[in-house]
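These numbers were taken from a predicted model, which means no experiment stands behind them.
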Amino acid sequence: MRKNSFFTLIIATKNCTDSIEKCLSSIFSQTYQNFELVVIDAKSNDGTYEILNSNRKRISYLVSEYDESIAEAWNKAIRNSNGKWLYFLGGDDFLNTPFVLDAVHKFLIGSDDQIKLVYGLIDIYDHHRKIRTQGNHWGRVKKQFNYYMSISHQSIFFNRTLFDEFGLFDVKYKIAADYDFMLKVLRNYTPEFMSQIIVCSVSMGGLSNNFRNIISAHSEFSISSSNNRTNKHFYYIIYLRIKVLIKFTYKSISIFFSSKKV
């Protein structure tokens, strides 16, 4: 571990050889350099680990072993980190510009010491094409957070003391561990929105490729919301599931008839 780092950047990887070099490059090119990089690889077998290992001198902690969930990987990373502020991204994500950490650092040192959670904007891409920039003030997304993760985790910086106060991510959640943790935090702290900072560019897979994950995520959102006693979630989750199913069915039918015309 690198001592006295201001940031710890955490990447959980699995078989992302097509994107991991771009992800690492976006981190190593940052103009603000007081950070450590922690990478937890889930036994990749496509060359991802070899790429990571070739950059070992610039990675503070690197391990490749089987994980039960991304929450388990994140918890390993937290235990082996030293930074004051923690940031989590995936192997197919990348920091938006070389000036992201510098901008976030300036924002944090100019903010109240009581602030424990900050978030910015993200750019969402689908097959290398930018779809939209996403993010909004807490007052506009607070209500939605009772129902689902209305702030992207790739936009969030966590103060380390939050993990001392609330514990690590709950590994029983395969997809929504970040949402569950956030619900605990948000009962006690208000996040600060960095409205001028696009933190990360995030890849978005097609709906058909992620359909099961969408349903699983919303199921876990429902369980976590119930455990954390947010209200009216049960009926809203039914509405969301029906909405997603209709969209998926429509897309599947469209693809079927398009293939028949060829």
(request) Answer whether the closest heavy-atom distance between the side chains of Met149 and Asp178 falls below 4.5 Å. (result) yes
(request) Mind jotting down which residue pairs meet the side-chain hydrogen bond (donor to acceptor under 3.5 Å, both in side chains) criterion with at least one end in residues 18-27? Sequence neighbours excluded, please. (result) none
(message) Check Lys14 with Asp67, please: is the shortest side-chain N to carboxylate O separation under 4.0 Å?
(response) no
(request) Could you tell me whether the side chain of Phe163 reaches within less than 4.5 Å of the side chain of Leu86, counting heavy atoms only? (result) yes
(request) Scan for salt bridge (Lys or Arg N to Asp or Glu O under 4.0 Å) pairs involving residues 109-119, sequence neighbours excluded, and state none if there are none. (result) none
(message) What I want to check is whether the side chains of Asn96 and Ser201 have a donor and an acceptor closer together than 3.5 Å.
(response) yes
(request) Evaluate the criterion ring-ring contact (aromatic ring centres under 6.0 Å, His included) for residue pair Phe169 and Phe88; output intermediate values, then yes/no. (result) CA-CA 12 Å; Phe169 294 105; Phe88 302 82; 5.5 Å; yes
(request) Indicate whether any N or O donor in one side chain lies under 3.5 Å from an N or O acceptor in the other, for Thr13 and Asp41. (result) yes
(request) Have a look at Leu117 and tell me which of Ile151, Leu186, Asn188 forms a side-chain contact (heavy atoms from CB on, under 4.5 Å) with it. (result) Leu186
(message) A side-chain contact here means heavy atoms from C-beta on lying under 4.5 Å apart; do Asn45 and Lys43 qualify?
(response) no
(message) Quick check: closest heavy atoms across Ser195 and Leu121, and the distance to 0.1 Å?
(response) O-CD1, 3.4 Å
(message) Once you measure the plane-to-plane angle for His137 and Phe193, does it fall in the parallel (<30°), tilted (30-60°) or perpendicular (>60°) bin?
(response) perpendicular
(request) Measure up the His105 and Tyr32 rings against each other and bin them: parallel (under 30°), tilted (30 to 60°), perpendicular (over 60°). (result) parallel
(request) Just grab all the salt bridge (Lys or Arg N to Asp or Glu O under 4.0 Å) pairs involving residues 82-104, residues at least two apart or on different chains. (result) Asp102-Lys106
(request) Considering non-hydrogen atoms only, spot the tightest contact between Ile40 and Ala77 and give its length. (result) CG1-CB, 3.8 Å
(message) For Tyr87 and Phe157, take the angle between the two ring planes, folded into 0 to 90°, and tell me which bin it lands in: parallel under 30, tilted 30 to 60, perpendicular over 60.
(response) parallel
(request) Please name the residue in the list Asn53, Leu9, Val38, Leu37 that meets the side-chain contact (heavy atoms from CB on, under 4.5 Å) test with Ile59. (result) Leu37
(message) To check you understand the geometry: which heavy-atom pair defines the closest contact between Leu108 and Phe6, and what is its length?
(response) CD1-CE2, 3.8 Å
